[in-house]
Amino acid sequence: MPGCRRRPGRHDLDHGQAHSADGPTDCWNLCCLCRRHHRIKTFARGWSFTLLPDGRLVVRTPSGVSRTTRPPGWCHDAEPDPPWLDELAPPDPLPI
Ligand SMILES: [Zn+2]
């Protein structure tokens with residue numbers, strides 16, 4: 001949740017696409033919300049929470065203010081191997 005300062009160990013995992021709407025319990029469909037913000041998402045009227053495929057969470061308040069957050073450390077695209085791995089890897093086998 002943008003701006004939330006609650007400790008990470010006390011969060012709920014919540015489905016971006018609701019489980020009741022066939023949202024899978026997969027990493028890409030889960031976000032961490034503290035209990036307070038989880039309850040706002042679930043029960044309060046006028047709030048919008050959109051979990052994007054790249055891990056960003058877009059939250060819109062009832063007054064229309066929109067904020068986006070990205071989980072720290074999240075990388076949607078796999079990083080390429082560092083060049084030194086190629087130097088340490090054994091050579092490719094010769095074709096038969
Ligand atoms: Zn929160």
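Order of listing sets the numbers, starting from 1, for every ligand and every atom in it.
Of the inter-residue distances, the one linking R35 atom CZ with R10 atom CZ reads 10.5 Å to the nearest 0.5 angstrom.
Note on the Zn ion (ligand 1): protein N, O or S atoms under 2.8 Å away count 3, no waters included.
For the 3.5 Å distance criterion, the side chains of H38 and D12 qualify, holding a donor opposite an acceptor.
At least one side-chain heavy atom of D14 sits less than 4.5 Å from a side-chain heavy atom of K41. L33 places a side-chain heavy atom less than 4.5 Å from the side chain of L57. At least one side-chain heavy atom of R70 sits under 4.5 Å from a side-chain heavy atom of D54. In this structure the side chain of M1 reaches within 4.5 angstrom of the side chain of F49, judged on heavy atoms.
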